[in-house]
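Take a look at the structure set out below.
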Amino acid sequence: MATLADSFLADLDELSDNEAEIPEDNDVDAADMEEDVDGDLADLENLNYDDLDSVSKLQKTQRYIDIIQKVEEALKMGSDVSTQGVDLEDDPEYQLIVDCNALSVDIENEIVIIHNFIRDKYRLKFPELESLVHHPIDYARVVKKIGNEMDLTLVDLEGLLPSAIIMVVSVTASTTTGKPLPEEVLSKTVEACDRALDLDSAKKKVLDFVESRMGYIAPNLSAIVGSAVAAKLMGTAGGLASLAKMPACNVQLLGAKKKNLAGFSTATSQFRVGYLEQTEIFQTTPPSLRMRACRLLAAKSTLAARVDSIRGDPSGNTGRAFKDEIHKKIEKWQEPPPAKQPKPLPVPDSEPKKKRGGRRLRKMKERYAITDMRKLANRMQFGVPEESSLGDGLGEGYGMLGQAGSGKLRVSVGQSKLAAKVAKRFKEKNYGSSGATSGLTSSLAFTPVQGIELTNPQAHAHQLGSGTQSTYFSETGTFSRIKRT
């Protein structure tokens, strides 16, 4: 009989035999898989920021070159290119605007990729800079300006960053642990900065072109926020159709930058607002109402973008109506609250009110009428001190009660009608047992034969009366037997 170890060895032999029977095609597939994996790894190695051209490829594409060339030509020709008679979808300028919106999104993504390349290369020199300067274009300008300089007091960053951020960057650079970059790495970093700045300038050209055509492509949205802001919103959202599908809360944040407060409190920092901050309506609104105005502006801009996306009103009247509505609401918010009107006092009653008389009113007056004793207690005789309960004027005073010369020897307290009525009701109530049975009667009887017996005391009530109604004392009863003598 085989042991457990022998059975395990037999299973292993079978597995080895099955592996030997694998066809050669599987070997070919495995080789192809290895080649694919090696190819993916090679691509990843190329993306490991060794070569800038392998990371950033947008500027060398034919699509980028063609769109930028068309945009430059259109800007030179002017804004009166499109005609109102041509359908919007068939208009070549509209197609160019759609392509520009898509290209602006690609440029944004490309700038982010280049920013990551610059950040990874420059991290060896100044690792703290990426936490101080968040915007990619500002970061590229600062890196290009600083270069390999270790003493930032010799570098003029004025105009590139706010003064507070410049001070923080200078202080942080004096205590940084970074080291100067090699010349090869520095040249690649500066080249990446130049490429990012070129992409930013190309994006500005695209936005300028879209802005110049905003009156035709999105007249209602331009009427509310202006052509410049409308172009930026469309470029960031990826087109008019994408902007129309976007909720108002996201439109409010389009173009918002992460603000670096350099360690200061965020309690007094301004709320996050994107391109809508640049509109005339937002700037002319008082600071206390800007958040409400921004929400209203984002909501109306979304509605106007939806109208423009379906070409609902090419004249722009809907956008102007929305703008007037926004202005009216903001003016309504700024109105002071209505003054509190003085409430006049009611006219005093010079005459007693006429109450409806009747039996109920007379009973109420009778019930609450003042008694004679209380009348005397409430009166005081002139020059005569009143008696009190504690004496010497302390306690409750008695007034003219019991005083000599009051004209009354004594005050008789008569029972009021209310008390008589209550006594009558109390008397009418029967608080004893039922009227048929007396409380002194008992069902127990003592007999000399059986002792205690249970009897019915009312068994002979119909035969014999009670008290004076008995047989012997009845007024109507007679003798049943007379003995004659």
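The analysis underlying the following values was restricted to heavy atoms, covering all of them including side chains, and did not include hydrogens, waters or symmetry mates.
The two residues V251 and T302 make their nearest non-hydrogen contact at CG2-OG1, 3.7 Å. Taking every heavy atom of both residues into account, N220 and G319 meet most closely at OD1-N, 2.9 Å. Of all non-hydrogen atoms in S309 and A244, the two that sit nearest each other are OG-CB, 3.8 Å. The two residues P180 and K125 have their closest heavy-atom pair at CA-CD, 4.1 Å. Annotation for A192 and F117: closest pair CB-CD2, 3.6 Å, computed over non-hydrogen atoms. Pairing each heavy atom of L276 with each of Q252, the nearest pair is CD1-CA, 3.9 Å.
R141 CZ to L157 CG: the interatomic distance, rounded to the nearest 0.5 Å, is 12.5 Å. To the nearest 0.5 angstrom, D138 atom CG is 10.0 Å from H115 atom NE2. For the atom pair N250 CG and T236 OG1, the distance stands at 12.5 Å (nearest 0.5 Å). Rounded to the nearest 0.5 Å, atoms CG (L253) and SG (C294) are 8.0 Å apart. L289 CG to K329 NZ: the interatomic distance, rounded to the nearest 0.5 Å, is 13.5 Å. Remark: T285 OG1 to W333 CH2 distance equals 8.0 Å, nearest 0.5 Å.
The backbone N or O of A230 lies less than 3.5 Å from no partner atom in the side chain of Y275, so there is not a single donor-acceptor pair.
When side chains are defined from C-beta on, I68 counts as touching L103, because their heavy atoms get closer than 4.5 Å. With contacts defined as side-chain heavy-atom distances shorter than 4.5 Å, the pair D200/I107 does not qualify. Here the side chains of N317 and R320 are in contact, with some heavy-atom distance below 4.5 Å. At least one side-chain heavy atom of I137 sits under 4.5 Å from a side-chain heavy atom of L197. Between L96 and F209, the closest side-chain pair of non-hydrogen atoms falls below 4.5 Å. With contacts defined as side-chain heavy-atom distances shorter than 4.5 Å, the pair L243/L254 qualifies. C193 has its side chain within reach of I118: a pair of non-hydrogen atoms, C-beta onward, lies under 4.5 Å apart. Considering only heavy atoms from C-beta on, D308 stays 4.5 Å or farther from I217 through its side chain.
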V190/V143 under side-chain contact (heavy atoms from CB on, under 4.5 Å): CA gap, chis, key distance, verdict:
CA-CA 8 Å; V190 173; V143 168; over 6 Å; no

Starting from the C-alpha separation in whole Å, work towards a yes-or-no answer on side-chain contact (heavy atoms from CB on, under 4.5 Å) for L361 and M364.
CA-CA 5 Å; L361 182 63; M364 186 187 69; 3.5 Å; yes

Could you go step by step and tell me if Y64 and L199 meet the side-chain contact (heavy atoms from CB on, under 4.5 Å) rule?
CA-CA 10 Å; Y64 175 85; L199 286 173; 3.9 Å; yes

Verify side-chain contact (heavy atoms from CB on, under 4.5 Å) between I281 and K323, making sure each step is shown before the conclusion.
CA-CA 9 Å; I281 296 176; K323 187 175 182 180; 4.0 Å; yes

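In this structure, R63 places its CZ atom where more than 12 heavy-atom neighbours from other residues, nucleotides or ligands lie under 6.0 Å away. Counting heavy-atom neighbours within 6.0 Å of E149 CD, excluding the residue itself, gives a total above 12. Surrounding CD of Q283 are more than 12 heavy atoms belonging to other residues, nucleotides or ligands, all under 6.0 Å away.
A salt bridge links R123 to D120: one of the charged nitrogens lies within less than 4.0 Å of a carboxylate oxygen. In this structure, R362 does not pair ionically with E366, as no charged nitrogen and carboxylate oxygen lie closer than 4.0 Å. Look at K332 and E335 and you find a salt bridge, because one of the NZ, NE, NH1 or NH2 atoms lies within 4.0 Å of a carboxylate O, short of that distance.
Residues E128 and T176 bring a donor and an acceptor atom of their side chains to less than 3.5 Å of each other.
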